[in-house]
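Note sheet for the following structure.
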Amino acid sequence: MPMAQDGVAAAGRGWPTRVRLAAAGAAVVLSLPPDRLPTVLHWGADPGPLDDAALAELEHAARPPLATNGVDEPAPVALLPEPWTGWTGSPGLEGHRSGRDWSPRFTPVDVVVDRRDAGGTVTVTADDAETALRLVLETELLASGLLRLRAHLTNRGSTPYAVDALRLALPVPTSADELLDLAGRWAKERVPQRRDFTVGTHLREGRHGRTGADAATLLVAGRPGFDFGHGEVWGMHVAFSGNHHVAAERTFGGERLLLGGELLLPGEIELDPGETYSSPRLYAGHGDGLDGLAARFHGHLRARPGHPRSPRPVVMNVWEAVYFDHDLDRLKELADHAADVGVERFVLDDGWFGSRRDDTAGLGDWHVSEEMWGAGRLKELVEHVKGLGMEFGLWFEPEMVNLDSELARAHPEWLLQVPGRLPVEARHQQVLDLTHPGAFDHVLTSVLAVVEDLGVDFVKWDHNRDLVDAGSTRTGRAGVHAQTLAAYALLDRVRAARPALEIESCSSGGARVDLEILERTDRVWASDCIDAHERQEIQRWTAQLLPPELVGSHVGAERAHTTGRRLDLSFRAATALFGHLGIEWDLAEAGEHERAELRAWVEYYQQVRDLLHTGTTVRRHLEGGDLWLHGAVRPDRSEALYCVTVLERHVTWPPGRVLLPGLDPARTYRVEAAGPGATSQRDPRVYPAWWQHGLRLTGATLGSVGVQVPALDPDRSALIHVEEDR
């Protein structure tokens with residue numbers, strides 16, 4: 001049947017041989033041959049409308065000569081690479097049926113093209129009669145210009161089929177000669193690392209049973225020297241909170257691919273007849289510079305129906321103020337100080353339940369501690385907090401259990417383990433197997449009972465250890481895959497029962513930051529390190545995936561608890577400003593002048609959070625990386641807030657003029673020093689002549705000539721506010 005340009009077309013051998021999907025300046029062009037899986041002819045900047053003849057010419061132009069010592073009729077690498085085509089790189093599917101059916105050859109039986117939404121979706125169903133397998137490939141270009149991919153494999157045979165890997169791949173051009181991804185560890189998450197895109201495979205595996213503090217987060221290939229503001233880049237993210245892998249692969253034949261999928265442990269997926277395994281969703285984007293790529297992810301997240309749109313409330317978490325020392329009077333005093341400086345949400349962290357007096361006992365016993373909080377005293381704290389006009393939040397770690405707990409003693413079979421051998425302990429805890437119906441129901445009913453009884457508005461949902469030897473006593477199999485899906489189901493059930501409840505994803509800080517967990521949570525805790533010097537980098541690179549309103553960012557004590565570094569309040573607050581701002585500091589130990597300064601910063605955040613949490617993120621490395629700029633520009637480019645930060649002493653000083661990106665070249669703007677006490681800074685050795693009275697310049701001038709910025713000492717920041725001069 002003929003293929004319409006818009007609407008839905010499907011079925012039979014009348015599907016189109018090529019399809020272009022386009023949105024937000026990005027496009028993907030697919031070849032849909034009748035006898036092979038789809039291949040990508042183009043993924044990147046939108047080449048504009050292409051009729052059938054032009055699409056055919058594009059495919060013809062992309063066919064390489066027969067130049068290598070390979071197969072006589074080379075085939076382009078499919079979305080799911082298949083070895084039968086002569087492909088000798090990583091296969092898309094690895095599996096077998098008792099050692100047989102290990103090399104399927106899929107043939108399309110149905111193609112559906114749906115253009116009803118911006119971008120559009122192509123769904124290809126393919127079968128292999130010999131191996132009795134069905135494959136469904138979903139390729140969706142979202143309104144943001146992000147590409148979203150997923151595969152579903154169904155066993156249509158009469159015996160089980162073991163799946164060892166299911167990966168999808170996207171090509172990048174030969175101009176993408178450089179790779180960037182992220183590494184890290186506890187309290188130092190998301191550290192960038194770059195390398196040449198050489199022949200071979202750059203493989204990043206996550207085997208933590210959670211996303212991981214060292215996760216690649218986003219694997220980017222780009223033109224050499226790409227940075228935040230320029231250089232064509234292509235990036236891939238695996239949206240999965242369990243084991244996963246993402247890779248960049250370059251072959252002897254010239255192909256360059258980004259591949260991703262779930263990392264399956266031996267025997268985790270064995271499909272019985274009729275069963276289906278679905279891969280994680282892959283998100284892939286193209287942009288001009290890293291900021292252009294980040295904007296696609298931010299735009300996608302902000303367009304979700306469930307994205308938090310109410311003003312992000314100022315949070316106070318009491319962990320670094322009291323740790324496990326829960327004293328009602330002391331916590332009431334902290335709540336009083338919190339309300340006085342403008343806090344809108346007060347969160348009680350670990351230590352309120354069971355026998356939990358330190359981190360060795362009590363996990364899993366989700367009932368209010370009689371010893372610590374008997375006779376309704378925790379309710380008294382909640383009432384006190386809410387009486388001050390604040391929301392009340394509470395810490396849980398629902399997926400974990402201490403051996404020294406009522407739960408572990410009653411149900412040792414509910415612990416993930418190689419049967420008969422408990423995993424090595426980490427943080428004195430083990431992992432609760434949520435695939436056991438009893439364990440799942442225990443956690444669900446316990447958490448909901450506390451939330452409903454106390455009137456909890458916000459949950460800090462923690463996950464503090466890797467899943468090692470994570471097997472199920474119920475099945476005897478490795479259990480990370482099933483545990484991850486069960487954790488999603490638990491969060492879904494909690495949200496369904498309490499739709500207004502907000503949830504933070506915390507995992508030893510930032511070890512569970514991915515787009516799938518964010519389908520169920522309202523923000524992430526980027527790191528347990530609140531040291532503003534470290535947080536500058538952590539937050540800068542978390543922003544490659546997430547917009548600032550989804551990233552918890554707190555003002556800590558003068559002396560950082562994780563590093564011992566001492567930093568001025570103005571720097572700590574300016575750093576926390578560019579996220580979902582909070583406080584994690586014993587304000588009873590702070591002086592009145594410090595609380596007054598903190599109050600001013602909280603008030604300033606409340607003034608600018610709409611700009612920060614809806615604006616386009618811009619970032620720059622200046623002065624060899626010693627001077628950083630980041631900011632938020634309103635989508636209509638009428639207003640912007642920039643922060644310049646000196647992290648290291650540069651070889652020459654003062655800094656040169658700094659360009660302010662993202663503005664409309666044709667408009668005139670008022671440029672002013674911003675933030676509490678900004679214009680009181682008068683030292684001419686530090687602050688430029690315009691700092692007191694501002695400037696009036698065009699966006700073209702600000703973006704191409706720039707302005708002089710303060711000659712700050714290291715670990716100091718200055719804010720610049722820009723607004724259209726009407």
Side-chain angles (χ1 to χ4, degrees), residues 80-83 89-104 131-133 135 150-169 201 203-212 214-216 238 240-247 249 259-280 282 399 413-426 430-436 439 465-488 514 516:
L80 185 135
E82 293 182 288
S90 297
L93 172 62
E94 294 182 64
H96 62 93
R97 198 186 305 275
S98 298
R100 301 175 65 86
D101 298 339
W102 51 272
S103 181
T131 61
L133 296 173
L135 177 70
R150 199 175 196 191
H152 310 272
L153 184 72
T154 301
N155 178 13
R156 306 185 78 192
S158 58
T159 58
Y161 189 86
V163 181
D164 297 322
L166 185 62
R167 310 179 186 92
L168 297 178
T201 301
L203 174 63
R204 295 297 308 281
E205 292 187 335
R207 294 180 177 269
H208 299 284
R210 51 178 171 170
T211 318
D214 62 344
V238 181
F240 194 63
S241 310
N243 292 341
H244 61 282
H245 54 219
V246 62
E249 189 163 274
L259 309 94
E262 183 179 4
L263 193 160
L264 294 170
L265 297 178
E268 274 199 299
I269 301 298
E270 187 171 88
L271 299 177
D272 286 332
E275 286 189 333
T276 298
Y277 166 68
S278 297
S279 74
L282 302 183
E399 298 152 77
E413 77 280 7
W414 286 359
L415 277 58
L416 282 174
Q417 59 192 275
V418 173
R421 186 184 78 210
L422 284 177
V424 294
E425 282 202 356
Q430 298 288 352
V431 184
L432 194 64
D433 184 357
L434 294 177
T435 70
H436 273 275
R465 68 154 291 168
D466 291 346
L467 275 60
V468 177
D469 271 356
S472 173
T473 60
R474 184 176 54 83
T475 65
R477 294 179 177 271
V480 171
H481 170 81
Q483 176 76 0
T484 306
L485 299 188
Y488 291 158
D514 63 79
E516 195 62 32

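- The shortest side-chain heavy-atom distance between L80 and L135 falls under the 4.5 Å cut-off.
- Remark: side-chain polar atoms of E249 are paired, donor with acceptor, to backbone N or O of S90 under 3.5 angstrom.
- Between S472 and P419, the closest heavy-atom pair is O-CG, 4.3 Å.
- With sequence neighbours excluded, no residue forms a side-chain hydrogen bond (donor to acceptor under 3.5 Å, both in side chains) with S279.
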List the steps, then state whether side-chain contact (heavy atoms from CB on, under 4.5 Å) holds for D164 with H96. CA-CA 8 Å; D164 297 322; H96 62 93; 3.8 Å; yes
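- Contact between P83 and P91 at its shortest, heavy atoms only, is CG-CB, 3.8 Å.
- Taking the six-membered ring where the residue is Trp, Y488 and F240 present perpendicular rings, their angle passing 60° and hence far from 30°.
- Listed here is the closest heavy atom pair of N243 and E262: O-CG, 3.3 Å.
- D469 is linked by a salt bridge (Lys or Arg N to Asp or Glu O under 4.0 Å) to R421, counting only residues two or more places apart in sequence or in another chain.
- A heavy-atom distance below 4.5 Å is not found between the side chains of L416 and E399.
- Atom CG of L485 sits about 10.0 Å away from atom OG of S241, to the nearest 0.5 Å.
- Between the side chain of Y161 and the backbone N or O of L153 there is no donor-acceptor pair closer than 3.5 Å.
- Between the side chain of Q417 and the main chain of V431, no donor-acceptor pair closer than 3.5 Å is present.
- Note that CZ of R210 and OG1 of T484 are 12.0 Å apart. Values are rounded to the nearest 0.5 Å.
- When side chains are defined from C-beta on, Q430 counts as touching R465, because their heavy atoms get closer than 4.5 Å.
- Inter-residue side-chain proximity for S98 and T159 is flagged as unmet; no heavy-atom pair is nearer than 4.5 Å.
- Closest heavy-atom contact between H244 and T211: CE1-O, 3.3 Å.
- Distance check: R156 CZ to E275 CD gives 15.0 Å after rounding to the nearest 0.5 Å.
- Minimum interatomic distance between H481 and E268 (heavy atoms only, all atoms of both residues): N-OE2, 2.7 Å.
- Distance alone, capped at 3.5 Å, is enough to place a donor-acceptor pair between the N155 side chain and the L271 backbone.
- The existence of a salt bridge linking R167 and E94 is confirmed by a sub-4.0 Å separation between a basic side-chain nitrogen and an acidic carboxylate oxygen.
- Residues V238 and D514 are not in side-chain contact: their nearest non-hydrogen atoms beyond the backbone lie 4.5 Å or more apart.
- For D214, there are no salt bridge (Lys or Arg N to Asp or Glu O under 4.0 Å) partners at least two apart in sequence or on another chain.
- Of the inter-residue distances, the one linking L432 atom CG with L415 atom CG reads 6.5 Å to the nearest 0.5 angstrom.
- Two residues are said to be in side-chain contact when any heavy atoms from C-beta on lie closer than 4.5 Å; R207 and L265 meet this criterion.
- The two residues L166 and A151 come nearest to each other via the heavy atoms CD2-CB, 3.9 Å.
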